[in-house]
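Lettering of chains follows the sequences in order, A, B, ..., and the numbering in each one begins at 1. Keep in mind that what you see is a predicted model, and the values were worked out from it rather than measured.
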Amino acid sequence: MATRKIVINPVTRVEGHGKVTIHLDEEGHIGQTRFHITEFRGFERFVQGRLYWEAPVIVERLCGICPVSHHLAASKAMDIIAGAEKITPTAEKMRRLMHYGQTYQSHALHFFHLCSPDLLFGFDAPVEKRNVFGVIEAYPEVAKKAVLMRKFGQEVIKATGGKKVHCTGSIPGGVNKNLSKDEADELKRDADTMVEWAVEALELCKKIINADAKRLLEFGTFESNFVSIVKEDGCMDLYDGNLRAIDPDGKIIFDQVKPADYLDYIKEEVRPWSYMKFPFISPLGKEKGWYRVGPLARLNCATYIDTPIAEKEREVFMALGNGRPIHSSLAYHWARLIELIHAAEKIRDLLNDPDLQKDDLLVTGKRRKRGVAWIEAPRGTLFHHYEVDDNDQITMANLIVSTTNNNEPMNRVVKKVAEQYLDRKKITEGLLNHIEVGIRAYDPCLSCATHALGQMPLIVQLFDHNDDLVDERVRG
Amino acid sequence: MSGAGRSVFVLGYGNPGRQDDGLGLSMAETIQSLGLSFVTTDAAFQLNIEEAETISGYDVVIFVDASVDAPEPFSFERLAPAGEVTFTSHSVSPGSIMKLAADHFGPAPEAYVMAIRGYSFEFEEGLTEPAQRNLEAALTFLSDFLSRRSRESVREDFDPRLESAGVK
């Protein structure tokens, strides 16, 4: 059946170059939805030939928002290459502190930049208002706290990673610096406040969602499998652990899969229209094996959280599902703020740990040729897999980033939203706004490694079933 | 972080792993290497909201970024606070940072944005040759600007656009 195509390129307020196409059949029904992304395959080739100990610094350049996740995932993979599967307590705690600092600043930014404008002003509010500066104007105290929360997270990263851009703190086998008492004391001054503000952010989110729960929690909702890292006892762990997958009812599909074995459980499908692959749980196949990662997946997969305030909030959150996982796309925002609290609690506790001032930083061992590791980046599970030759050069790299893991779900949310809001005659502001809201719940990090001035217009194009342009809208 | 007197903050941002996107960072690193006592430099992957609090401690702030469409070799313009809507989740404009600073963290500093023309933004380290030449021209201008600022107060009629390369 002939279709016509609607193109939205790139998605507004999502970094990089995304494009949404909606394919309609002749009767105007949604056929397919595609979320196109310029992706990282070029970067994997770029890493080839580089020396393995350079990888933690090189891969940071993938992403302007979560460079620390790549820095740490590569470090963990290179620990294995360097024969240092077990690093020292000081090294692990320094890395964890760095990671929680990044999670904190990233989640705070997402809430105030993307989530709160939509929730505070409504999806249909004009884009001139429905943005972070609208929040600043209407809720100045919230905005000021957002700035200071971001800054605190960045200061944690700087203190542990050596600098804000291109951290050098984590290296194969451990870290190259500890945290001085002065540095710890400086950060401790604000640590309790950061926990308080994280709780306030969650309370604000809950208040808004609970006031219109049916509409908001049903928006862009679809059922899926979920995947995340957990500890051996099922505890949520953002830094390390083994992989768990659950089905839409919450039943375990697999559990405690180790990084080295990931290829036995996760495969990636290539589709001709997208640079980005489509990962799936291989025992379930392509059709049924796709899954979601990120804050909602982590909350759904975890048995519990090991910090008290976040655990209490997890219990409240999970009650929404009446014993089943939560499937609402907008529940990502709620889950993200529970993790914001968790990260703040972890930072506060770690800053009081004397291991951070110790000097046992590095471990070496028997060289290996293959290293696989993962980490829970702010947007979801991040896989790093490297092969290294006898000359210490990287011969192969496979990176499955969070946004790749959420590739199929983002296509699904576009379809769900389009089915509800598409006007077959033209591209409406309403459709555009709702697609934005749906995609932003997943906070995709596209090719966000470049940002030069003047590169981010929004262009919306509508094609008829002959692929002729019949409508166009430009924003930005 | 704050400097005394007429302190200057040079903030370069961009990604040196994407060729000419590293122009801003290259400028910040070079200015830092000059060791000017009244100048503080910093680098960032992306410009974001936390910089509002940082810049509020300075008298003069210069944002330095790569640009895909600035006049060659660079532009240098006075910046006013502006709550511009940007369509990226992960970065905000210099004017928006200024507005945040002005609204919440005290008087906004005197600010400029330097946009150095870049040409290629692929996954590759190092600037292209034309971008390198633009950087050198921008550095000559900025060094002179900073040198003068160390000696004099801001002239009310000073218009840096008239002094930028290609606009003289």
Side-chain angles (χ1 to χ4, degrees), chain A residues 10-16 40 42-43 45-46 58 60-65 67 105 109-110 112-114 127-134 136-137 140 143-144 146-155 163-166 440 443-445 448-458 475-476, chain B residues 12-25 28 42-54 56 63 65-70 75 82-94 96-97 99-101 103-105 113 115-125:
Chain A
V11 176
T12 60
R13 282 194 279 158
V14 173
E15 195 71 6
F40 308 122
F43 197 87
R45 286 195 298 273
F46 177 57
I58 295 171
E60 291 179 272
R61 295 170 185 182
L62 266 174
C63 178
I65 283 296
Q105 60 88 13
L109 180 70
H110 182 277
F112 291 105
H113 230 301
L114 298 183
V127 70
E128 291 76 16
K129 183 178 182 184
R130 192 169 47 86
N131 62 72
V132 69
F133 292 99
I136 290 165
E137 198 165 309
K144 185 171 183 178
V147 171
L148 297 175
M149 290 167 81
R150 264 283 294 189
K151 191 173 176 68
F152 178 77
Q154 296 284 39
E155 293 300 327
K163 46 188 181 177
K164 282 194 302 184
V165 178
H166 295 174
R440 280 209 296 268
D443 195 17
C445 207
C448 70
T450 183
H451 73 289
L453 289 170
Q455 281 197 325
M456 296 296 173
L458 169 68
R475 186 184 282 175
Chain B
Y13 51 102
N15 183 354
R18 297 293 293 262
Q19 292 186 294
D20 297 346
D21 203 35
L23 277 164
L25 267 69
D42 201 1
F45 244 143
Q46 307 273 9
L47 195 58
N48 226 306
I49 56 176
E50 66 274 12
E51 304 298 351
E53 198 266 347
T54 303
S56 66
F63 297 94
D65 193 8
S67 174
V68 295
D69 54 10
S75 64
E84 299 152 329
V85 177
T86 54
F87 294 116
T88 58
S89 61
H90 300 154
S91 65
V92 293
S93 70
S96 299
I97 297 295
K99 178 169 171 54
L100 255 178
D103 289 352
H104 297 289
F105 299 102
V113 61
I116 308 173
R117 178 66 182 272
Y119 304 93
S120 185
F121 296 83
E122 299 302 317
F123 277 123
E124 196 174 318
E125 290 177 309

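Take Gln154(A) and apply the side-chain contact (heavy atoms from CB on, under 4.5 Å) test, not counting sequence neighbours, and it matches Gln105(A), Arg150(A), Ile157(A), Lys164(A), Glu50(B).
Taking all atoms of both residues into account, the shortest heavy-atom contact from His104(B) to Ala143(A) is NE2-CB, 4.5 Å. The nearest pair of heavy atoms linking Val147(A) to Ile49(B) is CG1-O, 3.5 Å.
Looking at Gln19(B), there are no atoms closer than 4.5 Å to chain A (heavy atoms on both sides), in backbone or side chain.
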